[in-house]
Amino acid sequence: MALEKTFDAASAEAKWRVVWEEEGAFKAGANASRDETFCIMIPPPNVTGVLHMGHAFNNTLQDILTRWHRMRGFDTLWQPGTDHAGIATQMVVERQLAEAGNDGRREMGREKFLEKVWEWKAQSGGTIIEQLKRLGASCDYSREAFTMSGAPNAPEGNEGNFHDAVIRVFVEMYNKGLIYRGKRLVNWDPHFETAISDLEVENKEVAGHMWHFKYPLAGGQTYTYVEKDADGNITLEEERDYISIATTRPETMLGDGAVAVSPKDERYAPIVGKLCEIPVGPKEHRRLIPIITDEYPDPDFGSGAVKITGAHDFNDYQVAKRGKIPMYSLMDTKGAMRSDGKSYAEEATIAQAIANGDQEFDEAMIAAMNLVPDEYRGLDRFEARDKVVADITAEGNAVMIEQTRTVKDEDGNESQVTETVPYVENKPIMQPFGDRSKVVIEPMLTDQWFVDTDKIVQPAIDAVRNGETQILPERDTKVYFHWLENIEPWCISRQLWWGHQIPVWYGPSMQSTDGIANQELAFFCAADEESLFDQLAEYYGEVSILQLNSREQANEPIENFRFAINKGIADKLGEALIVPIWRDPDVLDTWFSSGLWPIGTLGWPEETEALKKYFPTNVLITGFDIIFFWVARMMMMQLAVVDQKPFHTVYVHALVRDEKGKKMSKSLGNVLDPLELIEEYGADAVRFTLTAMAAMGRDLKLSTQRIAGYRNFGTKLWNATRFAEMNDAVGIDVSQEGSAKYTVNKWIIGEVGRTRIAVDSALEQYRFNDAANALYAFVWGTVCDWYVELCKPLLQGDDAAAKAETQKVLSWVIDQCLILMHPIMPFITEELWAATSDTREKRLVHTDWPTYGTELIDAEADREMNWVVSLIESIRSVRTEMGVPAGAKLPLMLLEMDDVAQGAFDRNQVMIARLARLDGVSTISDVPKGAVTIPVEGGQVCLPLSDVIDVDAEKARLSKSMDKLDKEIKQLSGKLNNPKFVANAPEEVVNENREGLAAAEAERAKLSAAMERVAAL
RNA sequence: GGGCGUAUAGCUCAGCGGGAGAGCACUUCGUUGACAUCGAAGGGGUCACUGGUUCAAUCCCAGUUACGCCCACCA
């Protein structure tokens, strides 16, 4: 079963994927031999997703930890699964339906549409999990979870309880008062027509304009506007009949409720409390709004006066709430100017009555009013903006400024022209965009569900602060704290269909005192029908319940049936009382459900074995980009629901970028597809590359060159194993690694011990790159470059005992390489493990991870091999520098060797001879002419080069070495001559320096003697 | 505006209080029976700048400069 000449990654990967799966190698608890458990929750990729570099990185790290713990005998679970990804999935399916010429989702209806989504999921939803398998991810795929599993409309194959868990959590949190419904200003995505959370908004700087408009004072009043400089000198004084407003969003003027100025702003003091006119809309119905004071306006910015549009701006919202300013909603769900409701004339009249205090201030009524002038209704918000600007300018209410520009006449002569133009500042402004839709987000005043994060945030902060959960690298804890300490209510309702429908039903309120229900609705939050009907019965008494799909289905103004449900009235009329009930049509934010991933996948709320065993989980491995989205929310949710932290450690890794450091993105076209890379270089190479570059807390710039390098590393391991195989040094069942007699074998055994310690300690600290680099240096640098080379004369020589021992040790060393490399490079190592022996007890994936360490290190052998290696290196170096042909063999002469050096030489002579390409050894007492001397510890060696050596070359070589030593000696003696150093530095440091100095001086002496000899030639 | 981070070899980056490192690239040599997806030998760095702490600073502290990221409502 000789190994093929080269490693065929593709076929080995295909083979082992199947074998591992068939043998259940990755199942929870596989290979467990101790009580400790180890559990990782995969960050669930979107079902719509395909594996990108970030996934490859993230999952490679998880797999390394998982495989490592499994080999160490932990009861291991790596829980896989996918996220239903509300918006993303709905978007994909809608697009697909459109392409296929189907009806849109609204025409199709909710039921039908969801069927389509499930169909899509069945067809394409498994892609990314299959891709994880290609990477070699050793998840327990038999436990694959899905955040929508167990949903009422889920088809076969999507059983599970995740949906139940989500609904149950909602109900519990609702009952505890942690979730509430409220009318608040939220970020609205006009493309998807849904609310989104703050985190789903990306603020980007775009080129914008700031317009300056005049809001005329009511009734033609005037005041003296005075502007002063810093010293109090008057710089401007004029009579004005208007107040000047600056805005970047003129279309929202239609919904202004007031103009605010700073209470300290003396310029406007004369007109505070007066009314001014919004200069748009039909002239006969211009609305007058009050000029108020508020702390919010900055007197030094713009004109110092701010229009307050509470329903379309977050700042204005706060001001409006403080000042009880009406908030008029102007737009529909698509971001177009509203066209519902009464005519503008009617609405404006009512609004004016409210502003004048003649009509009661009723928030609900105000929210329903449509103050969009008739000629603006139905316009897109950006068209409306243009129209507002044009109308105001045409009417002469734009603030004008003088502007000088250069014009050219017909003859090309330039001249300066001063003209009066509308004051429009071109300036960059921050604009919010939907992270998925990429359209401009609109603040909208709507009824939404919120998690009262203030009430659940503290345990999540405490858990990290007191170290129960550790975030690595530590600096990310700051980011975590900062966000949590400034947390806003979390809007969790989405006006989508794909997701967990909110388990709340509405019915008419019974809260009436006079036989007429008030405007409130009654809420019924229930996890199941039984509970719902219990609640209904309790609330309404003996009535018939009419379940509707939506409020619209009631098909009646709500007041009508509210009136009818009064039992007393019904009794009087002798009519049966029918109560219409409808369910909230909205679904939950996807992150609400993924926030429950740890307990949800383990079977909560049932007390499953898995939950008891694996929760809290050990480590979460994730990118910093979802610390807020996911990590913080999992912390809050798990603590709120089961009062336990979800994981002990959160390891936050960097983002994978392209080789220039740019974020990989489809639009930039710099995306490296991990699957293509796997095909070209093999999964092991991709994995090793990512691991070697996984230094904590920095971006990871990936280049294919690097991957090719690590592919070569795999080849190197393959070839080393082939070498061992050719020399009958594989698969030898060596139960105990000790008992070697030969120095080189003792030495390599110790090196293996060191490497195991290095790998383990690196992985314990999540220093993946250290583990990879330690293995790389050991396998390539120590085993291949030195041990294999040193083995050759022993394996091919006549000393049967040496040969036999070396075969055993080499076989063991190769096995250890395979074991230690397996977590990072699972395929090639498993392949070699199988190929080198028929009698392995277990697959490599389940082979026991070694525990040996320093006891394998033989200090004597170490010293001796260091001596041998440095001798070989010195000879090689001299050979090249002196231009000795690589193939030429030279005799070696020993000179002034002490016993230790002589012994080391004798014991390792065949190896030295071979690696340094020597031919014959003799001992001399004088350096012959034409020979170069090489100082070694405890002696010197001479190489006769030819009859005439190149004197100049030798002089150069010697003086170069001496210069280096001189520098070292100067440095060391400088330190040692400093009494403060000797007095204050630790003794071992001082001793180290002394020894270093002595060695350098000894070598220096030998070199200068050599130099004298050469000079004498 | 606030916060965080990064400046080390030509490139990409490790390291981090007592000897400046790796990979790639570069130079020279090499068909040595594992491997040319290789081997051997090399060249290359005031560890951004300025101060401070220390016996000792690339490393710790402060400041400066440059770049990057995150958060944020200046109309």
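Quick caveat, the model's predicted, so the values are computed rather than measured. A, B, ... follow the sequence lines: proteins, then strands. Residue 1 opens every chain. Computed over heavy atoms, backbone and side chain alike; hydrogens, waters and symmetry mates excluded.
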Ignoring hydrogens, what is the shortest heavy-atom contact between [X] and [Y]? Give both atom names and the distance.
| X | Y | answer |
| --- | --- | --- |
| A:Arg633 | A:Ser197 | NH2-OG, 3.9 Å |
| A:Leu3 | A:Glu725 | N-OE1, 2.9 Å |
| A:Gly781 | A:Trp786 | O-CD1, 3.3 Å |
| A:Arg879 | A:Ala886 | NH2-O, 3.3 Å |

Distance, [atom1] atom - from [M] to [N], rounded to whole angstrom:
| N | M | atom1 | value |
| --- | --- | --- | --- |
| B:A57 | B:G19 | P | 11 Å |
| B:C47 | B:G51 | P | 15 Å |
| B:U28 | B:G52 | C1' | 47 Å |
| B:A36 | B:U8 | P | 37 Å |
| B:A48 | B:A56 | C1' | 23 Å |
| B:A7 | B:U50 | C1' | 15 Å |
| B:A22 | B:G43 | P | 12 Å |
| B:U6 | B:C60 | P | 9 Å |

(message) A quick test of your reading: do over 12 heavy atoms of other residues, nucleotides or ligands sit less than 6.0 Å from CD of A:Glu202?
(response)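 Check passes, neighbour count above 12.
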(message) Counting only heavy atoms from other residues, nucleotides and ligands, does the tally under 6.0 Å from CD of A:Glu1001 exceed 12?
(response)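 Counting other residues, nucleotides and ligands, CD of A:Glu1001 exceeds 12 neighbours.
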What's [X] touching, base or sugar-phosphate or nothing? Going by heavy atoms closer than 4.0 Å.
| X | value |
| --- | --- |
| A:Pro979 | nothing |
| A:Phe301 | base |
| A:Ala983 | nothing |
| A:Lys960 | sugar-phosphate |
| A:Gly974 | nothing |
| A:Asn773 | nothing |
| A:Tyr317 | nothing |

(message) Under a 3.5 Å cutoff, is there a donor and acceptor pairing between the side chains of A:Glu425 and A:His209?
(response)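 No, no side-chain donor-acceptor contact under 3.5 Å.
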Rounded to whole Å, please give me the gap between [atom1] in [X] and [atom2] in [N].
| X | N | atom1 | atom2 | result |
| --- | --- | --- | --- | --- |
| A:Phe213 | B:A75 | CZ | C1' | 13 Å |
| A:Lys980 | B:U53 | NZ | P | 12 Å |
| A:Phe981 | B:G19 | CZ | C1' | 12 Å |
| A:Lys307 | B:C74 | NZ | P | 16 Å |
| A:Asp770 | B:C13 | CG | C1' | 13 Å |
| A:Tyr710 | B:U12 | OH | C1' | 11 Å |
| A:Lys964 | B:G19 | NZ | C1' | 11 Å |
| A:Phe688 | B:G23 | CZ | C1' | 11 Å |

(message) For A:Phe713 and A:Tyr710, take the angle between the two ring planes, folded into 0 to 90°, and tell me which bin it lands in: parallel under 30, tilted 30 to 60, perpendicular over 60.
(response) perpendicular
(message) Here's one to test your reading of the geometry: is the NZ or CZ of A:Lys792 within 45 degrees of the ring axis of A:Phe723 and under 6.0 Å from its centre?
(response) yes
(message) For a quick test of reading the model: is some side-chain N or O of A:Lys427 closer than 4.0 Å to OP1 or OP2 of B:A75?
(response)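 Affirmative; the distance criterion is met.
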(request) Nearest-nucleotide wise, let me know which of A:Asn984 and A:Val878 is further upstream toward the 5' end of RNA chain B. (result)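 Result of the comparison: A:Val878.
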(request) Can you figure out which of B:C73, B:A72, B:C4 approaches the side chain of A:Arg475 most closely? (result) B:C4
(request) Between B:A40, B:C4, B:A75, spot the one nearest the side chain of A:Thr248, thanks. (result) B:A75
(request) Tell me the partner of B:G18, counting only Watson-Crick (N1-N3 plus N6-O4 or O6-N4) or G-U wobble (N1-O2 and O6-N3) with both under 3.5 Å; none if nothing fits. (result)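 Partner of B:G18: B:C55.
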(request) If B:A75 has a Watson-Crick or G-U wobble mate with both distances under 3.5 Å, name it; if not, just say none. (result)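 By the stated definition (distances under 3.5 Å), nothing pairs with B:A75.
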(message) Strictly under 4.0 angstrom, non-hydrogen atoms only: write out the protein contact profile of nucleotides 25-37 of chain B, one letter per nucleotide from the 5' end, B, S or -.
(response) S----S-B-BB-B
